[in-house]
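Inspection log for the structure reproduced underneath, given as structure tokens.
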Protein chains: 4
Amino acid sequence: MTDAKPKWNRRKDARPSEIVDAAMALFAENGFANTKLDDVARRAGVAKGTLYRYFDTKEALFRAVVQHLLTNHLEVVEKAGKAFEGSLAEFVPMLLKRAAQSLGDDRLPGLARVMLAEGRAFPDLAAVWHDELAARMLDLIAGMVAKAQDRGEVRPGDPRLYAFSIIGPISVALLYHEAFGSRADAPDLEALASQHAETILRGMAASIPYQKEPTP
Amino acid sequence: MTDAKPKWNRRKDARPSEIVDAAMALFAENGFANTKLDDVARRAGVAKGTLYRYFDTKEALFRAVVQHLLTNHLEVVEKAGKAFEGSLAEFVPMLLKRAAQSLGDDRLPGLARVMLAEGRAFPDLAAVWHDELAARMLDLIAGMVAKAQDRGEVRPGDPRLYAFSIIGPISVALLYHEAFGSRADAPDLEALASQHAETILRGMAASIPYQKEPTP
Amino acid sequence: MTDAKPKWNRRKDARPSEIVDAAMALFAENGFANTKLDDVARRAGVAKGTLYRYFDTKEALFRAVVQHLLTNHLEVVEKAGKAFEGSLAEFVPMLLKRAAQSLGDDRLPGLARVMLAEGRAFPDLAAVWHDELAARMLDLIAGMVAKAQDRGEVRPGDPRLYAFSIIGPISVALLYHEAFGSRADAPDLEALASQHAETILRGMAASIPYQKEPTP
Amino acid sequence: MTDAKPKWNRRKDARPSEIVDAAMALFAENGFANTKLDDVARRAGVAKGTLYRYFDTKEALFRAVVQHLLTNHLEVVEKAGKAFEGSLAEFVPMLLKRAAQSLGDDRLPGLARVMLAEGRAFPDLAAVWHDELAARMLDLIAGMVAKAQDRGEVRPGDPRLYAFSIIGPISVALLYHEAFGSRADAPDLEALASQHAETILRGMAASIPYQKEPTP
DNA sequence: GATGAATGAGCATTCATTCAT
DNA sequence: AATGAATGAATGCTCATTCAT
């Protein structure tokens with residue numbers, strides 16, 4: 001067997017990544033102040049001092065976590081934008097469905113929650129989060145809306161506000177799950193994604209939209 | 001000596017309210033962990049020890065703050081519900097407009113932000129917040145949607161999910177302002193309220209809704 | 001008896017002073033780095049946190065200690081200067097004797113030792129120490145030497161360097177005691193003060209000095 | 001492969017010397033507590049772990065540094081002693097001049113400063129420093145003084161105290177430079193050496209000493 | 001009741017030392 | 001022999017909580 005040495009011996013390059021993973025889980029779960037570096041170290045399977053080889057301070061670790069998450073999601077957002085240059089009617093359901101699915105396997109909603117909490121304490125981090133994720137995603141959606149308006153598919157109106165109309169409900173529902181847990185009356189995210197996609201597209205449609213039945 | 005007890009002789013009953021006000025402002029601004037009781041005391045104009053005459057722990061103070069806010073808003077919500085038993089088309093714009101205006105003068109968005117952040121740390125408080133505000137408001141809206149469906153005005157669909165569709169965007173926009181401040185590209189809340197109200201009502205409408213022009 | 005309450009109750013104004021005293025003893029004994037705030041607190045009879053009510057950081061406490069000592073000694077130096085405007089031959093023995101006696105009851109030699117050690121780490125403190133104590137004392141002595149030269153009592157030469165000649169040996173001997181303890185061969189400070197005073201005054205004297213007996 | 005082991009293949013015996021040099025520079029500059037082994041290793045051009053192949057602890061390294069310095073200076077002192085068995089009047093100016101020149105190129109004043117500071121923490125090291133350097137040098141000087149007294153050249157008095165009178169001023173001035181840097185008013189060491197040598201020899205002289213002018 | 005000095009558990013951070021490679 | 005990542009005990013500092021006045 002090649003599993004040889006049980007302790008550290010494993011790829012040292014992976015160490016920072018293991019730490020970031022552990023930290024991400026704990027920050028997303030407990031917030032910044034309630035996360036103890038002792039716990040991060042324990043969860044990462046290293047000693048407390050080891051954290052400091054890679055990150056100068058707790059804050060630096062938090063920043064790394066946020067950056068790591070943003071970097072991952074940026075690509076997804078960018079790609080999604082290019083893939084759907086055409087049809088808003090296809091893009092919106094896909095986007096919302098994806099967001100709905102992000103709850104379990106993704107730390108983004110959890111970290112979003114924490115950023116909300118600590119945004120005042122880390123204004124520059126909030127700015128990065130905003131510039132690189134929030135604003136970018138809104139711009140992407142607003143851009144697609146604008147194009148659809150040019151094609152006459154969407155009613156007049158501020159595309160940016162439409163972007164809020166599109167992603168607002170699923171975002172709030174995600175936070176709802178984050179904050180209140182998935183209790184009995186928490187919304188079914190996929191159902192919401194599906195129903196809201198249809199509803200909002202209808203509402204934005206130029207005339208009698210998305211109506212499969214031929215107008216007599 | 002009767003020389004005018006220079007300090008406390010004001011109604012003792014008023015003290016808790018001053019404390020709660022001060023605490024509400026600071027909790028809403030900085031979150032639970034980042035709020036120091038020293039600051040609360042200073043802002044309330046009392047000594048630190050005085051806080052403990054009225055509240056056993058920092059957490060108890062936080063609970064009182066949340067309860068206080070909830071109590072205030074409950075009445076509003078309840079009344080709003082009764083006042084608009086009739087028309088969803090009138091209720092939704094009014095509701096969103098009101099929410100949009102709540103940003104400046106109201107601590108609710110700030111505290112909502114904090115509840116979202118600290119919900120995990122205070123599950124029972126989160127439960128109160130949920131039961132007494134979030135769920136109640138959602139139920140109210142969902143109830144109105146259901147009635148509108150009964151009247152044939154709104155398309156079929158889960159009324160509760162429609163409720164998310166209605167209040168999601170303005171909620172997210174409020175949080176956006178809370179988190180990122182009112183920077184250049186932050187959405188204009190009143191414009192969003194107005195545009196989204198129209199859009200979502202259109203999207204929910206049973207057929208060709210809100211169309212003043214008679215179909216020939 | 002009025003010794004009433006055993007714990008804190010005693011003049012709270014004295015608290016900072018008690019802390020400074022305890023800190024002075026420990027800093028003078030162990031240096032800055034080797035002094036633990038836990039020990040300072042224990043020695044001062046207070047809790048660790050109490051230190052922070054009066055001093056923001058360990059460094060601030062150290063500064064307070066140094067300032068405290070300087071303030072005390074400044075007065076002595078100033079007065080000594082005024083008292084002996086006349087005679088170098090009387091001033092020098094008195095000064096050296098006093099310095100010799102400072103070993104036991106005075107923390108100055110100990111702190112001088114520490115300042116020597118930490119001067120590089122606290123350049124501004126070193127500057128204060130220098131400006132307010134070292135330079136001032138040297139100036140005082142140099143001034144008296146210069147006057148004596150004007151009166152023709154002392155040979156030509158740089159008065160400032162004469163000042164070093166006067167206080168150098170006793171200073172080094174004090175440090176010797178500080179560093180090596182009062183072991184067998186450590187110099188007898190009072191004897192040194194007496195012998196050096198006579199020797200250096202002879203050496204500085206314009207001609208055949210201090211020679212009461214007329215040369216036949 | 002024989003491709004020139006890019007790293008270590010230089011004489012292993014030389015390594016300790018490089019380490020001791022680096023450590024001496026840093027200890028002399030920053031003191032014991034403020035010197036980090038990381039820095040010593042970096043300055044010596046080796047890895048941190050390498051230090052431990054040659055020195056068991058930080059303290060052991062410090063001892064080695066002190067020993068190294070002492071060994072170097074012992075020879076000088078011994079030789080100087082033999083070379084000047086005759087004349088105090090020639091020896092003293094030479095000794096002080098040499099001490100004055102030691103400031104720049106020599107680590108001794110710096111280490112002396114540190115020994116002074118850390119003497120309490122390392123009593124046995126202080127003992128070595130004392131026995132092998134301080135005491136020896138004092139003995140040397142005292143011995144020469146005693147001989148001069150036997151020859152009737154120096155007035156009666158404790159030779160050991162005379163030794164302090166001789167080297168005290170230049171020692172203090174060296175420490176002055178060490179502690180306060182060479183600021184404007186720091187004494188000119190060579191001038192002090194010259195002036196003090198003449199002054200103290202005069203003061204110690206049996207009668208009318210060093211007087212070029214013939215007594216009429 | 002009110003005060004605020006005092007408390008001390010809790011936590012981030014440093015750095016000498018170890019040890020698998 | 002040399003390396004440097006990993007370790008964890010030690011310590012400065014914070015802040016919710018207590019309590020003598």
Side-chain angles (χ1 to χ4, degrees), chain A residues 4-10 12-13 15-16 33-41 45-59 61, chain B residues 5 7-10 12 15 33-42 45-61, chain C residues 4-10 12-13 15-16 33-41 45-59 61, chain D residues 5 7-10 12 15 33-42 45-61:
Chain A
K5 312 301 161 44
K7 271 237 161 156
W8 66 267
N9 160 33
R10 33 193 192 186
K12 46 188 119 183
D13 313 338
R15 201 44 67 85
N34 291 323
T35 295
K36 285 155 237 162
L37 290 191
D38 258 330
D39 295 338
V40 173
V46 302
K48 205 170 13 162
T50 303
L51 304 181
Y52 285 85
R53 178 163 300 281
Y54 300 101
F55 307 97
D56 283 346
T57 62
K58 184 183 184 182
E59 185 180 328
L61 176 56
Chain B
K5 291 121 186 171
K7 287 209 161 175
W8 49 272
N9 70 345
R10 32 190 188 184
K12 27 198 147 184
R15 199 60 55 82
N34 293 323
T35 294
K36 285 158 229 158
L37 290 190
D38 257 328
D39 295 337
V40 173
R42 183 158 36 252
V46 302
K48 197 162 32 152
T50 304
L51 302 181
Y52 283 84
R53 183 156 304 282
Y54 298 102
F55 307 97
D56 284 344
T57 63
K58 184 185 184 183
E59 188 180 325
L61 176 56
Chain C
K5 312 303 160 44
K7 272 234 163 162
W8 64 267
N9 159 34
R10 32 194 192 183
K12 47 189 122 188
D13 314 338
R15 201 45 66 86
N34 291 324
T35 295
K36 284 154 240 165
L37 290 189
D38 259 329
D39 294 339
V40 173
V46 302
K48 203 170 14 160
T50 304
L51 304 182
Y52 285 86
R53 177 164 301 282
Y54 300 102
F55 306 97
D56 283 345
T57 62
K58 184 185 183 183
E59 186 180 327
L61 176 56
Chain D
K5 291 120 181 172
K7 291 210 160 171
W8 49 272
N9 69 345
R10 30 189 189 184
K12 27 199 148 187
R15 199 61 53 81
N34 292 324
T35 295
K36 286 158 226 158
L37 290 191
D38 257 328
D39 295 337
V40 173
R42 184 160 32 256
V46 302
K48 199 166 25 156
T50 304
L51 302 181
Y52 283 84
R53 184 157 302 281
Y54 298 102
F55 306 97
D56 284 346
T57 63
K58 184 185 184 183
E59 187 180 326
L61 176 56

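Computation of the quantities below employed the complete heavy-atom set of this structure, encompassing side-chain atoms and omitting hydrogens, waters and symmetry-equivalent molecules.
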If you take all heavy atoms of B:Asp56 and B:Ala60, which pair is closest and at what distance?
N-CB, 4.0 Å
Quick one: closest heavy-atom pair of D:Ala33 and C:Ala33, and the distance?
CB-CB, 3.5 Å
Just how far, in rounded Å, is [atom2] of [N] from [atom1] of [X]?
{"X": "A:Leu61", "N": "E:dC11", "atom1": "CG", "atom2": "P", "result": "16 Å"}
{"X": "D:Arg42", "N": "F:dG4", "atom1": "CZ", "atom2": "P", "result": "11 Å"}
{"X": "D:Leu51", "N": "F:dA2", "atom1": "CG", "atom2": "C1'", "result": "11 Å"}

Give, for atom [atom1] of [X] and atom [atom2] of [Y], the distance between the pair rounded to the nearest 0.5 Å.
{"X": "B:Phe55", "Y": "B:Leu37", "atom1": "CZ", "atom2": "CG", "result": "11.0 Å"}
{"X": "B:Lys48", "Y": "B:Asp39", "atom1": "NZ", "atom2": "CG", "result": "10.0 Å"}
{"X": "A:Asp38", "Y": "A:Leu51", "atom1": "CG", "atom2": "CG", "result": "9.0 Å"}

For DNA chain E, just give me the dot-bracket, please: Watson-Crick or G-U, both distances below 3.5 Å, ( ) intra-strand, [ ] crossing earlier pairs, | paired with another strand, . unpaired.
.||||||||||||||||||||
Short heteroatom pairs, N/O only, protein and nucleotides 14-18 of chain F, under 3.5 Å:
from   : atom 1 : to      : atom 2 : distance (Å)
F:dA16 : OP1    : B:Lys58 : NZ     : 3.1
F:dA16 : OP2    : B:Leu37 : N      : 3.1
F:dT17 : OP2    : B:Tyr52 : OH     : 3.0
F:dT17 : OP2    : B:Lys58 : N      : 2.9
F:dT17 : O5'    : B:Tyr52 : OH     : 3.4
F:dT17 : O4     : B:Lys48 : NZ     : 2.8

Can you tell me if the side-chain N/O atoms of C:Tyr54 get under 4.0 Å from OP1 or OP2 in E:dA6?
yes
Would you mind telling me which of E:dT7, E:dT3, F:dT3 lies closest to the side-chain atoms of D:Val46?
F:dT3
